[in-house]
Amino acid sequence: MTMKISHLALAAALLLPAAAQAAEPTAAEARAFVADAEAQLSAYSDKAQRVAWVNATYITDDTDAMAADAGAEGTLLQVKLAKQAARFNNVTGLDADTSRKLFLLRQAIVLPAPDTPGAAKELAEIATRLQSAYGKGRGTARGKEVVGNDIEALMGTERDPAVLKEMWESWHKVGTPMAADYARLVEIANAGAKELGFADTGAMWRAGYDMPAADFEKLIDRLLAEVQPLYVDLHCYTRAKLNQKYGDAVQARTGPIRADLLGNMWAQDWAGIYDVVAPKGAGDVGYDIGELLVSKGADPLKMVRYGENFYSSLGFAPLPDTFWKRSLFTKPADREVVCHASAWDIDNKDDLRIKMCIKVNSTDFVTIHHELGHNYYQRAYKAQPLLYLNSANDGFHEAIGDWAALNVTPEYLVKVGLLDAAKVPDASRDIGLLLRQAMEKVPGMPWTALVDKWRWGVFAGATRPADYNKAWTDLRLKYQGIIPPGPRPADAFDPGAKFHIPGNTPYARYFLARVLQFQFYEAACRQAGWTGPLHRCSVYGDKQVGAKLNAMLAMGMSKPWPEALKAFTGSDQMSGKAMLAYFAPLQAWLKQQNKGQKCGW
């Protein structure tokens, strides 16, 4: 996840003279407006980023208040600038660059506030309160209080279904106090979106993808339909294995899967239960990254060094010294922090950082490669004008990190000295390698689609506050085939137990990233001349691939995303075909394993 205070949220409104407001605006005025806006954006950005960093890494009532004040200021400026930009909607003779920047100013807003006095301040206070409530959240395991970062890790190792249920239900209580605040946040943001000419906040979010909002929704549905058969096959196989382990009383042979049995608090990544589903013989891939790291005496800092080394091998310059001095790598013992992993660009130049509570395990090793992908992307486009300091679309930012993680293959582990070459699994282990990868990647497809589908329904008013939790549970059943481990309380607000809901981070980007990472990976392997099985490819050390990748990254948001996609992959269309090609041997094997099973739910 990349953490960057939206440049548009930092925009200062430029108050035009009364005479200029009365007259028809000109193309020259539009260019001047954009230039002045970018100058003021730059001045405000540093301060807002630093406040956000301090609040996320030192949660107190004081830093909450500071963050709320900065957020309120940014929201007010953001909305004013968007409305000023709208003055130029019908101006003729605009050059393409000015026109694109005006579009970004008008539409790339996360939480707009209306002009109503006090609305921006209230919205910022609610947003800060929601995120801090998540950061302070606690669950229990065997009656003992456990912080969020630790309980997430325990979900992947605990196998007692009673304890899993306790952890799942206790953590989801973190959302209960958020429900009223969230409903009010929706009300305020929708009022702001309507003032900007959108039907609601969800419609505004969907408008930021270089296509009409309705077409974007169709794109999500098309891509999901393309890859959903692979998910259904994996779901069917996994359910059978869980039934074998726990019996009918815990997990039925047919129908949906109990959410807490899948090794992840949100059932978005099932890699934690690979040991449960691994096929005999082929299931043992011969190594565990976490164990390899421990055997090499790796600590959190050394794990980050491994990640940096991957990008250096592609020709990227080392991370700046300030990265190592200012990042947060482990959870402090003396204060509350938001442990959710994120990458930061404080000054739009070189003050790059990550924030993680790193544990020495396979998951965090992969996550580090992902988060650093954000940092290298941020640095690649730093020469762009301020309004273009972002990825081609928000899915690109997530996909680059995920693409890097796909390169963490056995061959890569050998090259970096973690795995003995004699212990590289042979072709007979390919199903095990693919299954382990699929358990991590494939469940995220329906999950990443439904999170924003839920919010779109909430913002549109199709889902009322009284039905928030029912709608969430219904969508999880429809798309994931997942159900809670037991009946939910009437006041439950399960969406609040996922950071991106109280954190107000749009989630469609993660869905797009699931698709794009495989397109990037297939293209990179093709450029590298790889001829073996696609899932075995690692472009570690290939500086030609690195140079071509950097050329796309350096474009930032300066061009519509199809142009950026084509620059690296040769195609301007998103497609799930690369993902299906990657997992094709596994899907054929799953269909064989599922014979006689009643798949689906």
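Starting from 1, each residue takes its place in the sequence as its number.
For Asp452 (side chain) and Ala508 (main-chain N/O), a donor-acceptor pair under 3.5 Å exists by modelled atom type. A donor-acceptor distance shorter than 3.5 angstrom exists from the side chain of Asn594 to the backbone of Leu590, with no hydrogens or angles considered.
The list of disulfide (SG to SG under 2.5 Å) pairs with a residue in residues 340-435, not counting sequence neighbours, reads Cys339-Cys357. Legend: disulfide (SG to SG under 2.5 Å) pairs involving residues 378-410, not counting sequence neighbours: none detected.
Ion pairing between a basic and an acidic side chain is recognised when a charged N comes within 4.0 Å of a carboxylate O; Arg353 and Asp345 show no such pairing. Comment: Asp299 does not engage Lys302 in a salt bridge, judged by the lack of any side-chain N to carboxylate O separation of less than 4.0 angstrom. A salt bridge is defined here as a Lys NZ or Arg NE, NH1 or NH2 lying under 4.0 Å from an Asp or Glu carboxylate O, and Asp347 with Lys349 fails to meet this definition. Looking at Asp221 and Lys453, a side-chain N of the basic residue comes within less than 4.0 Å of a carboxylate O on the acidic one, giving a salt bridge. Asp350 has a carboxylate O that lies under 4.0 Å from a charged side-chain N of Lys382, or vice versa, which qualifies the two as a salt bridge. Between Lys559 and Asp97, none of the side-chain N atoms (NZ, or NE/NH1/NH2) sits under 4.0 Å from a carboxylate O, so this pair counts as no salt bridge.
Residue Ile273 forms a side-chain contact (heavy atoms from CB on, under 4.5 Å) with just one option from Met155, Met439, Lys241, and that option is Met439. The one candidate from Tyr134, Tyr510, Trp447 that meets the ring pair (Phe, Tyr, Trp, His ring centres under 6.0 Å) condition with His500 is Tyr510.
Between the side chains of Tyr479 and Gln228, no donor N or O sits under 3.5 Å from an acceptor N or O. A donor-acceptor contact closer than 3.5 angstrom is absent between the side chains of Lys245 and Gln251. A side-chain N or O of Lys355 and one of Ser342 form a donor-acceptor pair less than 3.5 Å apart.
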Determine all donor-acceptor pairs shorter than 3.5 Å in which one atom belongs to a side chain in residues 401-422; sequence neighbours excluded.
unit_1	atom_1	unit_2	atom_2	d
Asp402	OD1	His370	ND1	2.8
Asp402	OD2	Gln517	NE2	3.3
Asn407	OD1	Val539	N	2.8
Asn407	ND2	Trp403	O	2.9
Thr409	OG1	Tyr412	N	3.3
Glu411	OE2	Arg536	NH1	3.3
Tyr412	OH	His369	NE2	2.9
Asp420	OD1	Ala422	N	2.9

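Cation-pi contact between Lys423 and Tyr287: absent, since separation from the ring centre below 6.0 Å together with deviation from the ring axis within 45° is not met.
The shortest non-hydrogen separation linking Arg455 to Thr505 is NH2-O, 2.6 Å. Pairing each heavy atom of Val360 with each of Leu293, the nearest pair is CG1-CB, 3.8 Å.
In this pair, Trp270 and Tyr231 present their aromatic rings tilted. The plane angle is within the 30 to 60° band. Using a 30° and 60° split on the angle between ring planes, Tyr377 and His397 fall in the tilted class, from 30° to 60°.
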message: Could you go through Lys566 and Glu563, starting from their C-alpha distance and side-chain angles, then the distance that decides it, and tell me whether this counts as salt bridge (charged side-chain N to carboxylate O under 4.0 Å, His left out)?
response: CA-CA 5 Å; Lys566 190 172 184 177; Glu563 293 185 36; over 6 Å; no
- request: Please report the C-alpha distance between Thr363 and Asn361 in whole Å, then the side-chain angles of each, then the deciding distance to 0.1 Å, and finally whether the side-chain hydrogen bond (donor to acceptor under 3.5 Å, both in side chains) criterion is met.
  value: CA-CA 6 Å; Thr363 298; Asn361 60 35; 4.6 Å; no
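Rounding to the nearest 0.5 Å gives a distance of 12.0 Å between CZ of Phe316 and CG of Asn375.
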